[in-house]
Number of protein chains: 4
Amino acid sequence: MTHPNNRNPPSTTAGAPRGRPAGDHTAKRVELLRAATSVIAENGYANASLRAVAQKAGCTTGAVTYYFASRQELVIAVAEHHFDSFDAMLADVRDQTDIRTLVERWLSHTTDDPEFWPVMSQLLVHARYAPTLARVIERRYTHFRTVYTELLATGQEQGTVRDDIPADLLADQLAAMGDGWMIMAPFEPARFSPSRIRALVEAALTLITPPPCPAHGPQP
Amino acid sequence: MTHPNNRNPPSTTAGAPRGRPAGDHTAKRVELLRAATSVIAENGYANASLRAVAQKAGCTTGAVTYYFASRQELVIAVAEHHFDSFDAMLADVRDQTDIRTLVERWLSHTTDDPEFWPVMSQLLVHARYAPTLARVIERRYTHFRTVYTELLATGQEQGTVRDDIPADLLADQLAAMGDGWMIMAPFEPARFSPSRIRALVEAALTLITPPPCPAHGPQP
Amino acid sequence: MTHPNNRNPPSTTAGAPRGRPAGDHTAKRVELLRAATSVIAENGYANASLRAVAQKAGCTTGAVTYYFASRQELVIAVAEHHFDSFDAMLADVRDQTDIRTLVERWLSHTTDDPEFWPVMSQLLVHARYAPTLARVIERRYTHFRTVYTELLATGQEQGTVRDDIPADLLADQLAAMGDGWMIMAPFEPARFSPSRIRALVEAALTLITPPPCPAHGPQP
Amino acid sequence: MTHPNNRNPPSTTAGAPRGRPAGDHTAKRVELLRAATSVIAENGYANASLRAVAQKAGCTTGAVTYYFASRQELVIAVAEHHFDSFDAMLADVRDQTDIRTLVERWLSHTTDDPEFWPVMSQLLVHARYAPTLARVIERRYTHFRTVYTELLATGQEQGTVRDDIPADLLADQLAAMGDGWMIMAPFEPARFSPSRIRALVEAALTLITPPPCPAHGPQP
DNA sequence: CATGAATGAGAGTTCATTCAT
DNA sequence: AATGAATGAACTCTCATTCAT
């Protein structure tokens with residue numbers, strides 16, 4: 001409660017200052033998270049040292065370890081931070097009950113924040129060897145797939161999504177496609193021009209569309 | 001007693017004998033590649049130190065750098081090695097002109113070699129910051145997608161694959177799905193039980209199958 | 001007992017305390033430069049490892065690399081440091097317009113700081129393969145020869161220095177003699193006893209003195 | 001006596017083959033010495049690894065250690081080798097009793113063998129920390145200065161060399177000048193153009209020439 | 001004779017972390 | 001609240017040397 005708008009106070013011993021606004025503390029944390037994001041995106045997880053983060057943020061390494069008890073905590077905070085913004089997008093879309101809208105928003109989200117994919121792929125792959133991070137990702141990712149599954153199920157009921165494949169499998173397939181592209185895109189830019197990405201996304205939507213033939217008509 | 005005529009055994013407890021063993025250069029290289037594979041799979045790319053590889057292989061770090069001039073070279077050799085075995089599988093399948101067979105073999109390949117996915121995902125994600133490795137992966141990966149695309153195109157001609165989406169997009173989608181699963185599988189084992197993997201793969205095949213309705217029949 | 005509140009003293013026997021001491025950055029740098037000087041003088045450039053410098057300074061190698069980003073930077077700083085003290089001497093002498101005074105001061109400088117010659121000869125010879133260091137030496141050395149040349153030219157005007165050889169050549173010859181002795185002195189101490197050094201220097205001064213003429217008539 | 005033309009069989013245990021010509025062995029040794037010379041000249045003593053020498057000679061490191069028991073022995077052999085060729089020049093000049101001829105030959109020797117100076121300066125400076133090498137250099141160098149001193153003394157008797165400075169001091173001064181130039185030349189090529197070197201050498205000869213007296217008394 | 005596999009020590013360097021200030 | 005000096009362990013890589021073949 002001392003950090004009212006800090007959603008995940010990891011485990012820092014230092015309580016926030018009593019009488020002063022916690023804004024400074026949180027703001028600085030976010031600033032460092034942004035710096036860390038940039039460094040991970042530019043240099044990769046393995047080369048994202050605290051030094052580099054501090055330098056990017058224009059402060060000392062001491063400052064970084066002051067705000068984040070350890071490198072692990074920083075990395076986890078970066079993950080949470082990005083999932084937060086992703087979830088905000090999801091909450092927005094959820095009501096509209098339209099899988100196409102979700103896909104579009106997902107696409108524009110990754111375009112708006114060009115560091116999203118690079119950072120996520122780094123964290124995703126590293127998570128295998130960082131159980132704490134893995135649990136965070138699993139939890140957040142599960143939420144994402146839940147929304148996805150819900151929308152697909154709704155679409156199936158409404159006849160806008162093919163219903164010969166269970167919604168959860170469809171969700172996994174679409175999510176996996178996204179992850180796969182996210183991994184490959186960075187070093188095969190030619191294959192992932194904006195227009196081709198669009199074509200891939202359209203084709204993905206085509207894949208899940210019910211076939212346009214009378215025999216397979218929508219349920220009444 | 002292992003080295004009766006070694007005049008100055010500095011302070012090692014045991015230590016392998018010094019001189020020239022009857023080794024086979026290639027065999028030893030492969031042995032080290034296997035060790036490196038295991039270490040990367042178990043500890044991740046960032047923690048795959050030459051020391052760790054040497055320890056896994058039961059030799060000194062000096063021996064590793066004797067066979068591989070640098071860590072980068074070792075990593076690239078690991079990638080090539082795995083692509084080699086993957087390509088062998090591809091060559092086998094290519095003649096059979098059957099997308100289902102390819103998918104099956106791809107699946108069993110990743111099952112037979114449980115380190116394939118973990119290692120590949122590590123290298124894939126690291127490649128973004130290792131241009132030389134990136135070029136290797138791009139080259140080999142392109143070959144893989146080419147075969148995939150060919151088989152899908154053939155399937156489209158034969159009417160076993162839906163033809164409302166260009167074969168190259170389909171190939172990219174299937175490949176991306178595989179990559180996406182590869183990334184997520186390691187730390188969500190529950191979601192990727194053998195039976196669910198099977199369901200996912202079957203669903204993927206369903207996605208690319210022509211809809212079973214007269215209007216969309218195969219061309220005469 | 002030196003670190004009562006150090007929670008995890010890994011396995012060191014003593015170890016300095018961790019936190020921030022009241023150190024003066026510049027002072028510590030100079031201390032390390034002195035240590036480096038000693039190590040280079042005693043063991044030679046090739047054997048002057050950061051570890052050895054750290055040990056001489058009574059700290060860890062980490063501390064050395066904290067103050068000097070790299071070995072190269074340390075070596076260059078050592079060179080600059082010695083040239084600084086040399087230049088201070090030069091500035092002192094410059095006004096006095098007397099070549100003999102310069103030579104005397106140069107000699108006493110090398111005597112006062114017995115590490116000057118050994119270190120300089122090491123750096124001089126190594127500089128051939130270290131372009132950055134070479135540029136530093138060239139710059140500082142040029143200054144030295146400029147002063148030398150000025151004083152000689154003045155001496156020529158005043159008739160205290162022979163004028164049948166251009167001042168810049170004389171400067172090069174005297175400087176080269178000094179360098180040559182500097183190289184040989186360390187391992188032929190017998191040839192470079194204080195008294196013989198004095199004789200060599202006096203002879204050098206005689207070489208550049210204008211001939212006293214008639215008494216020294218040509219051969220019949 | 002088994003190697004009649006090998007002047008310095010260092011300390012190898014292997015006696016030369018009984019019945020076969022030792023030429024092969026000696027020839028290979030010389031080849032390696034040449035390679036070592038090049039490497040030292042190009043990369044400096046500190047970077048002259050056996051690997052580099054072997055590579056330059058087009059053989060394996062094993063071959064190098066086969067012909068030279070250790071790195072130290074190789075280095076010493078290189079020094080001896082160069083002094084041998086230098087001594088051959090000296091022997092040639094010695095009879096001619098002319099200091100100018102010696103200086104000329106010394107100059108052309110260093111020009112003919114452009115690796116002579118670079119190698120010698122490296123070995124000279126390293127010798128301070130390699131007693132065995134130091135002893136070799138001292139011995140050979142003493143011989144050189146002896147010849148120099150002899151020629152200068154003869155010149156003094158003949159009136160071609162100034163006699164107000166003992167011949168041994170003059171020899172030391174000239175030798176030191178040569179060493180000094182040798183050190184500086186490599187990284188100040190502008191100061192050591194062929195024409196300027198000539199001017200320096202001529203000026204050095206002028207320094208030791210008896211003054212032509214009356215004509216040279218400008219001061220009133 | 002000569003090779004080249006392998007060692008083991010040590011190099012420079014990077015880094016997360018600690019903590020007196 | 002924030003710094004930055006310093007640690008100590010890890011890293012990759014180089015090297016002289018040894019010795020079975």
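Reckoned from all heavy atoms, side chains included, excluding hydrogens, waters and symmetry mates. A, B, ... follow the sequence lines: proteins, then strands. Residue 1 opens every chain. Remember, predicted model here, so these are calculated numbers, not experimental data.
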Requested in this report: Please tell me which of B:Thr61 and C:Thr61 maps to the more 5' nucleotide of DNA chain F, matching each residue to the nucleotide holding its nearest heavy atom.
Outcome: C:Thr61

Query - Contact under 4.0 Å: A:Tyr67 side-chain N or O vs F:dA2 OP1/OP2 - result: yes

Report task. Round to the nearest Å and state the distance from A:Gln72 atom CD to E:dC15 atom C1'. Result -> 16 Å

Requested in this report: Under the side chain to side chain contact (heavy atoms under 4.5 Å, CB included) rule, collect the residues that match up with D:Ser38, sequence neighbours excluded.
Outcome: D:Glu42, D:Lys56, D:Glu115

Query raised in the report: Any salt bridge (Lys or Arg N to Asp or Glu O under 4.0 Å) pairs touching residues 25-41 of chain B, not counting sequence neighbours?
Result: none

**Report entry** Base-paired stems that DNA chain E participates in, counting runs of 3 or more Watson-Crick or G-U pairs under 3.5 Å
**Finding:** E:2-21 with F:2-21

Report task. Would you mind listing every salt bridge (Lys or Arg N to Asp or Glu O under 4.0 Å) that reaches into residues 126-135 of chain A, with sequence neighbours excluded? Result -> none

Query - Any side-chain heavy-atom pair of D:Ser70 and D:Val75 under 4.5 Å - result: no

Query raised in the report: B:Val64 or D:Val64: which one's nearest nucleotide on DNA chain E is closer to the 5' end?
Result: D:Val64

Requested in this report: Start with the C-alpha gap between D:Thr37 and D:His82, add the side-chain angles, then the distance that decides, and say whether side chain to side chain donor-acceptor pair (under 3.5 Å) holds.
Outcome: CA-CA 9 Å; D:Thr37 297; D:His82 279 276; 3.1 Å; yes

Query raised in the report: What is the distance, rounded to the nearest whole Å, between atom NE2 of B:His25 and atom C1' of E:dA6?
Result: 12 Å

Requested in this report: Choose from F:dC13, F:dT17, F:dT3 the nucleotide whose nearest atom is closest to any side-chain atom of A:Ala63.
Outcome: F:dT3

Query raised in the report: Does any residue of residues 40-60 of chain A have a heavy atom under 4.0 Å from DNA chain F, and if so, which ones, in number order?
Result: A:Thr60

I'd like a table of donor-acceptor pairs (distance under 3.5 Å, sequence neighbours excluded) in which one partner is a side-chain atom from residues 43-55 of chain A, with atom names and distances.
from: A:Tyr45; atom 1: OH; to: A:Arg71; atom 2: NH1; distance (Å): 2.9
from: A:Tyr45; atom 1: OH; to: A:His126; atom 2: NE2; distance (Å): 2.7
from: A:Ser49; atom 1: OG; to: A:Ala52; atom 2: N; distance (Å): 3.1

